[in-house]
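Side-chain atoms are counted along with the backbone in the values below, which use heavy atoms only and exclude waters and symmetry mates.
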Amino acid sequence: MARPYKPGPKQFVFAVGDGNDQHVSVGDPQEAYVAFSAFFRGRESDTYVIKDEAARQSLALMPRRGVISRTKDAGQPRSEHLRVDRGNRYLPSAMLFFENGYAGLDHFGQWFPDLSDLDASPETRGAARAATFTTEATAIGEVARIWADSGYVDPSDQYYVFFDSHDVDDDRADRAELLQLIEFLGLERVDAPAGATGSEVWVRADPRLDVECARWS
């Protein structure tokens with residue numbers, strides 16, 4: 001059961017730019033998610049916006065462009081943008097926003113400060129993202145984020161497997177980022193066994209990965 005908002009209820013505004021905004025008052029994130037899911041599926045639009053006006057934060061889903069944007073105006077104003085490669089990412093992003101606002105999406109993917117950054121190739125975006133992690137701790141955290149989104153631990157407990165059952169054309173930006181971070185951290189990449197999909201990346205277990213990935217399990 002979702003944890004109730006305290007203080008609650010909490011108000012959100014759902015909008016698609018046609019002037020028919022929907023105002024909801026909800027007791028917990030799950031209730032907000034159910035309301036927004038109905039709103040999202042019941043309309044055809046280029047952009048769906050969730051506004052938390054009290055917190056001065058918003059989330060914009062743009063399925064036709066393959067983009068998610070998040071904005072916060074309180075404190076230090078900031079906007080970031082994410083390229084979405086899979087259609088099943090939009091509603092989960094909304095749930096994270098309902099749970100923890102802007103910060104709830106910190107580990108959802110490769111965020112960039114400028115929309116134009118998303119026009120680069122996935123490989124360029126991945127390399128650019130990897131270059132932003134300049135310490136071992138932050139780099140290990142990002143590797144664990146990628147693993148938690150797409151991987152598992154081999155039954156032998158000797159390897160971390162990334163991009164399990166994904167097509168080789170999926171998650172190209174995350175793959176490019178991961179390969180650069182593997183090199184930066186000195187992790188050992190090994191050949192995938194026979195029968196593995198061509199997209200999988202196998203990395204030998206490492207104490208640093210063990211600790212960080214356990215937080216995501």
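Pairing each heavy atom of Ile50 with each of Ala94, the nearest pair is CD1-CB, 3.8 Å. In plain terms, the two heavy atoms of Gln180 and Ala131 that are nearest each other are NE2-N, 4.0 Å. Considering every non-hydrogen atom in both Ala173 and Arg125, the closest pair reads CB-NH1, 3.7 Å. Asp157 and Ala205 make their closest contact through O-CB, 4.0 Å (heavy atoms, listed as atom of the first residue, atom of the second, distance).
Linking ILVMFWY residues whenever their side-chain heavy atoms come closer than 4.5 Å, directly or via other members, places Phe108 and Phe40 in the same cluster. Each of Val49 and Leu59 belongs to its own hydrophobic cluster when Ile, Leu, Val, Met, Phe, Trp and Tyr are linked at side-chain heavy-atom distances under 4.5 angstrom. Under the 4.5 Å side-chain contact rule for hydrophobic residues, Val153 and Val161 do not share a cluster. No path of Ile, Leu, Val, Met, Phe, Trp and Tyr side chains, each step under 4.5 Å between heavy atoms, connects Tyr152 with Val203, placing them in separate hydrophobic clusters.
For the pair Arg78 and Tyr102, the cation-pi test (distance below 6.0 Å, angle within 45°) is failed. The cationic atom of Arg70 (NZ for Lys, CZ for Arg) does not lie both less than 6.0 Å from the six-membered ring centre of Phe97 and within 45° of the ring axis.
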Residue pair Asp206, Arg204: steps toward the side chain to side chain contact (heavy atoms under 4.5 Å, CB included) verdict: CA-CA 6 Å; Asp206 180 282; Arg204 191 174 300 279; over 6 Å; no

Let me see the working for Phe39 and Val24 under side chain to side chain contact (heavy atoms under 4.5 Å, CB included), right down to the final yes or no. CA-CA 11 Å; Phe39 179 87; Val24 299; over 6 Å; no

Pair Leu209, Leu185 - check side chain to side chain contact (heavy atoms under 4.5 Å, CB included), show working. CA-CA 10 Å; Leu209 269 180; Leu185 291 165; over 6 Å; no

Evaluation steps, side chain to side chain contact (heavy atoms under 4.5 Å, CB included), between Val26 and Tyr33: CA-CA 10 Å; Val26 291; Tyr33 176 80; over 6 Å; no

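Panel note: side chain Ser199, backbone Phe163; a donor-acceptor pair is recorded below 3.5 Å. A donor-acceptor pair under 3.5 Å is formed between the side chain of Tyr48 and the backbone N or O of Arg43. Side-chain N or O atoms of Trp202 include none that pairs as donor or acceptor with a backbone N or O of Arg189 at under 3.5 Å. Put simply, the side chain of Arg175 never gets that close to the backbone of Pro122: no donor and acceptor are under 3.5 Å apart.
Heavy-atom contacts from other residues, nucleotides or ligands closer than 6.0 Å to CG of Asp18 number more than 12. A 6.0 Å sphere centred on CD of Glu188 holds more than 12 heavy atoms belonging to other residues, nucleotides or ligands.
Between Met95 and Gln30, some side-chain heavy-atom pair lies under the 4.5 Å cut-off. In this structure, the side chains of Val211 and Ile140 stay at 4.5 Å or more apart for every pair of heavy atoms. For the pair Arg145 and Gln110, the minimum side-chain heavy-atom distance is below 4.5 Å. Put simply, the side chain of Leu187 does not reach to within 4.5 Å of the side chain of Tyr160, judged on heavy atoms. Using a 4.5 Å heavy-atom threshold, the side chains of Arg129 and Phe112 count as touching. The shortest side-chain heavy-atom distance between Thr134 and Phe184 does not fall under the 4.5 Å cut-off. The shortest distance between side-chain heavy atoms of Leu61 and Phe36 falls below 4.5 Å. Residues Leu178 and Trp147 have side chains not in contact (no heavy-atom distance under 4.5 Å, counting atoms from C-beta outward).
Distance check, rounded to the nearest 0.5 Å: CD of Glu177 to CD of Glu142 gives 4.0 Å. Summarising the geometry, atom CZ belonging to Phe162 is positioned 10.5 Å from atom CG belonging to Asp174; distances are rounded to the nearest 0.5 Å. Rounding to the nearest 0.5 Å places SG of Cys213 at 10.5 Å from CD1 of Ile146. Taken from CZ in Arg65 to OG1 in Thr47, the straight-line distance is 7.5 Å, to the nearest 0.5 Å. Distance OG1/Thr71 to CD/Glu80: 9.5 Å, rounded to 0.5 Å. Taken to the nearest 0.5 Å, the CG atom of Leu82 stands 8.5 Å off from the CG atom of Leu105.
Residue pairs meeting the side-chain hydrogen bond (donor to acceptor under 3.5 Å, both in side chains) criterion with at least one member in residues 53-63: none, sequence neighbours excluded.
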Residues 114-121, side-chain donor-acceptor partners within the protein, below 3.5 Å, at least two apart:
residue: Asp114; atom: OD1; partner: Ser116; partner atom: N; Å: 2.9
residue: Asp114; atom: OD1; partner: Ser116; partner atom: OG; Å: 2.9
residue: Asp117; atom: OD2; partner: Asp114; partner atom: N; Å: 3.4
residue: Ser121; atom: OG; partner: Thr124; partner atom: N; Å: 3.1
residue: Ser121; atom: OG; partner: Thr124; partner atom: OG1; Å: 2.9

Review item, side-chain donor-acceptor pairs of residues 5-15, under 3.5 Å, at least two apart:
residue: Tyr5; atom: OH; partner: Phe98; partner atom: O; Å: 2.7
residue: Lys10; atom: NZ; partner: Asp52; partner atom: OD2; Å: 3.0
residue: Gln11; atom: NE2; partner: Ser25; partner atom: OG; Å: 3.0

